[in-house]
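This report refers to the structure that appears directly beneath it.
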Amino acid sequence: MGLSSAALWSAGSLGAGGFAAASSLSQELWATPVPQRSPLGFHFTDVTSPAGIHFRHNSGALGKKYLPETMGSGCAFLDYDGDGWLDIILINGIYLLSPDTPISVLPPITTLALYHNNRDGTFTDVTRRAHLNVPMYGMGVAVGDYNNDGFPDIYVTCVGQNRLFRNTGKGTFVDETLPSGLGKRQSFSTSALWFDYDRDGLLDLFVCNYVKWSPEHDVFCSLDGKHKSYCTPEAYHGETCWLFHNRGDGTFEDVTATSGIFNSNSKSLGVAMLDYDSDGWPDLLVADDTQPNKLYKNQHNGKFLDVAMQAGIALSTEGKARAGMGVDAADFNNSGQSGVAITNFDNEMIGLYLPDHGEYSDIATQAGVGFPSRDKLGFGCLFADMNLDGALDLVVVNGHIDDTVRNVRNVGYAQPPQLFLNDGHGKFHEVGAQTGGGFNAPKVGRGLAHGDFDRDGDNDLLMTTNHGPAYLYRTDQTSGNRSIRFHLQGTKSNRDAIGAVVRVSANGITQSQMVKGGSSYLSQSELALTFGLGKLEKIDRVEIIWPSGRSEEFKGLSAGHGYQCIETKGISQMDRY
Amino acid sequence: MPRSHAPGSSPTAGLIFGLIITLAAVVAYSWYITRQISGLRAVQNNLVDRNRKDSLQLLRVQNDLNNIALAMRDMLDNAEPYPLTAYSAQFRQIRSDLDAAIRQEEQVSVSTRTPEQREYLSKSLAQFWDAMDRMFALAASGNEKEARTQIQLSLQARQEALSTAVARLLVQNNEAQEQAASQVREIYDRVERQVYLFLAATLIAIVLTSLYLIRANRRVFAHVAALSEQRSDLAQKLISTQESTLRYISRELHDEFGQILTAIGAMLGRAGNHAPEGSPLRKDLQEVREITQQTLENVRSLSQALHPVMLDESGLESTLDWYLPTIERQSGMRIFYEKTGSPFALDGTAAVNIYRITQEALNNAIRHSGSKEAWVRLRFSPQSLEMEVEDKGRGFPAAPTGRQGIGLVAMRERAELLGGTIEFLHPGGSGTLIRLRVPREKAGADGKQNFSAARG
């Protein structure tokens, strides 16, 4: 593909003014531009194969229906080589062998995959080169620069021992699990996130654990009464989440018990960070499966208090603990406070929580998210402004846990992902069928992340499926809407600026977003923040509140650009988004 | 048709009575339904809703107790790399939720709860947390083994007892719920019965009122019809009496006075001839004879005016041929007379009435129109006879009064008597057009119209 197709794209479908800047910024080299105008003002293109991503998740299923097989896996956007272009990591399982599996049937080993962004719309699998071809039953991934060296490190949650891979900065990773003190733990971990809960400038680590499971203690469950199916977590004991404090010397201290995080009844799958009480200290929202969700309020002294019940977010409105899977928190109503979305089991609907100064109310039904999600089993979910209109939309991937579910009720195993467009007035409209690119083709969806991998200023989507391919959807705007993007770098704060809050004021509306680790399900989105501005040329003001507490303000920034902000060192316009 | 008709009693009193009865029934029924609904609301608020809320809180308590059991099981399993004290946050969390649940439960719990039950629950809980605190104190002092023994010996048993007590309360609630449901059912049944009763009573009231109204209406209509008949009778009698009287006077004048005056005139002529030529007597006689001749003409003219003998002898057309120039001369109004169609013989009464209507219409035009011209059109068609009198004057006033009003009424009556129709029109917005239409079978000489009284 060359310049001619980009020109065709520009002239053929994007005659409307206002897109010129974005289109000139968008890559001339990108593959397969689609000369069409979407009624939504944007469209998706499935670029997985053209981009050279040929990953397939291996659930390790050999017919035993072991619980972990149906739960994975996650994905993340990260810039592991610091070249400004987002790379991709896709987590993978291996075969879970029961004690009686004969040696002769040992299957080939599968590993996670790291894809390097070639800056031309294609990716190269660099797993082996990066020394990440390590066999493990991976579930989720958390990306964070825990040693503040400028290169993101990777924590992979597993069934068994989780792994910490330190980024050497030379394109390779070193397994630091044992030296860092994170070793010698066998568990069924799920989502994890890096955040600086004590605001000491060092990223700490929160890890969700699901249930106490091992092949030796597998339980027989059945949906139809005949065939074995994957169990719901009621069949197993819960397992506490973990919190590890970063000592700053490359090692971590387990503060699970002393911080008040410990809860042996938890069956946690998703975690999102937020500042629910607007006190400047990061809190955590943990989605629990068949257990009350947890809202860990940061008490500023290294301790957390679960206030989910008081905040009205622990249970459904009927007082029932739902099957919380994925979770994201964001200011979706531009109120300055974090709302929350939690995906649940089929017949339970998504929980969409509207914040009201520390208390939440589930508005899923009124907001138009409830009904379309009722027959879906949701996993990954995230808030992102997909049409760049200044209101955060909600993206959800769905998929059931058992393929025999069709035998017992009218719910699909593979289910279509959904995109709920936020109209900015309290209503969401599901438009998954209109986005193009095969987005709404049924999938057994699990992980979901967003990032602007082509640096054209909008949110592209990465999703994983259970025992199936991963999908990379490129988003292209056709309405002329543009964004402004912020790449934050902490100096006193942690280098990734995780926990920083950016408030963009334009045209009388103030949007706010937090630089977050974790969120969604087993996955992590890019750390740079994308603010949709519609057709606006400029923003009035941007305020950055760093995790250190420092607040900075800049005025008169132009739409259609990316900005690099370094704590205490000011802001500079980048050559691309 | 009876000539006199008693108007009967007015239906208003009956209707007001019916209305009052209906309103009273509606008010009584509304009151009854309101009472039943408030009863239902009370049952729902006091029993059903509170019971449901109470059960929800009890389930929450039960859930917390289960979580306690699970956590204690994990503590005994000793599978975590954490000291027992790590569990304290978890228990604190459960405890705060349990306390909140118990508090809310007490607020909504139904009155059936005995003080003993309340006391048992709160006391057992207090003892449980006390034992829990002691267990954690043991664990904190490093004596984890003894703490675990405490869990096994004391805490687990207490937890089970509490769980059983809460389960019992839930069962109790369930029973109360069933009771309330049956109460609600009873209320619904009662209301349903009353609704049917009320509907039946309303239906009967509506049917009776309707029957009464129909009867009253029929009586009123009959009365009105009788009155109308009487009025018409009277009008006809009046008109025929008038006509016969006029005809009589006219004939008397013509025949009697005419003969006498003619005789007087002849005698005076003869007497004058006997008087000497040029004598004053002859002159006087000549003068008296002229006066007599004048009087004879006046009498003839009056007779003609009262009832043109021509009508009886030569018919309507000839009478109009004579009358129109006469009235034109007398009034000074120009009258254009058109006659179309092939004439047919008219019944005598019809001719009189048509003539009278024409007369009245022309008189009106002369007196009230202010116009100097009038048109009279007589049309014969195979089906009917049509007579029009039109002027281009001021037209009729909106509400004609006095003499004019009586004239119009008389015209209508005569038209009705003829079995024809009369219209009063304002063609083009000004002037007056009076149009009389009489069907041939009513106006023709073969018609049934007959004034025996007039002839008599």
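The figures that follow rest on heavy atoms only: side chains count, while hydrogens, waters and symmetry mates do not. Note on naming: letters A, B, ... go to the chains in the order of the sequence lines (proteins, then strands), and numbering restarts at 1 for each one.
- The candidate with the highest count of non-hydrogen atom pairs below 4.5 Å against chain A, out of D74(B), I94(B), N63(B), T85(B), is D74(B).
- When the shell of 6.0 Å around OH of Y196(B) is examined, it contains 12 or fewer heavy atoms from other residues, nucleotides or ligands.
- Applying the ring-ring contact (aromatic ring centres under 6.0 Å, His included) criterion to Y82(B), with sequence neighbours excluded, gives F262(A).
- Between the CD atom in Q90(B) and the OG atom in S264(A) there is a gap of 3.5 Å [rounded to 0.5 Å].
- Only the side chain of K212(A) comes within contact range of chain B, with at least one heavy atom under 4.5 Å from a heavy atom of that chain.
- Only the side chain of L56(B) comes within contact range of chain A, judged by heavy atoms closer than 4.5 Å.
- Near-neighbour residues of residues 236-244 of chain A relative to chain B, defined by a heavy atom under 4.5 Å from a heavy atom of that chain, comprise H237(A), E239(A), T240(A), W242(A).
- Surrounding CZ of R374(A) are at most 12 heavy atoms belonging to other residues, nucleotides or ligands under 6.0 Å away.
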Please table the atom pairs, donor to acceptor, closer than 3.5 Å between any side-chain atom in residues 121-141 of chain B and protein atoms at least two apart or in another chain.
| unit_1 | atom_1 | unit_2 | atom_2 | d |
| --- | --- | --- | --- | --- |
| S122(B) | OG | R118(B) | O | 3.2 |
| S122(B) | OG | E119(B) | O | 3.1 |
| S124(B) | OG | Y120(B) | O | 2.7 |
| Q127(B) | OE1 | R158(B) | NH1 | 3.4 |
| D130(B) | OD2 | R134(B) | NH2 | 3.2 |
| S141(B) | OG | A137(B) | O | 3.3 |
| S141(B) | OG | L138(B) | O | 2.7 |

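- Applying the 6.0 Å contact sphere to CZ of R41(B) captures no more than 12 heavy atoms from other residues, nucleotides or ligands.
- R92(B) does not touch chain A: none of its heavy atoms, backbone or side chain, sits under 4.5 Å away.
- Heavy-atom pairs under 4.5 Å with chain A were tallied for P81(B), A89(B), A86(B), S96(B); the largest tally goes to A86(B).
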Compile the donor-acceptor pairs under 3.5 Å between side chains in residues 284-292 of chain A and protein atoms, sequence neighbours left out, one pair per line.
| unit_1 | atom_1 | unit_2 | atom_2 | d |
| --- | --- | --- | --- | --- |
| D288(A) | OD1 | S268(A) | OG | 3.0 |
| D288(A) | OD2 | K267(A) | N | 3.0 |
| D288(A) | OD2 | K294(A) | NZ | 3.2 |
| D289(A) | OD2 | Y210(A) | OH | 2.5 |

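- Residue R60(B) holds its CZ atom at 8.0 Å from CG of L315(A), rounded to the nearest 0.5 Å.
- The candidate from A71(B), S88(B), A100(B) with the greatest count of non-hydrogen atom pairs under 4.5 Å with chain A is A71(B).
- Side-chain atoms of N265(A) come within 3.5 Å of backbone atoms of N67(B) as a donor-acceptor pair (strictly under, hydrogens ignored).
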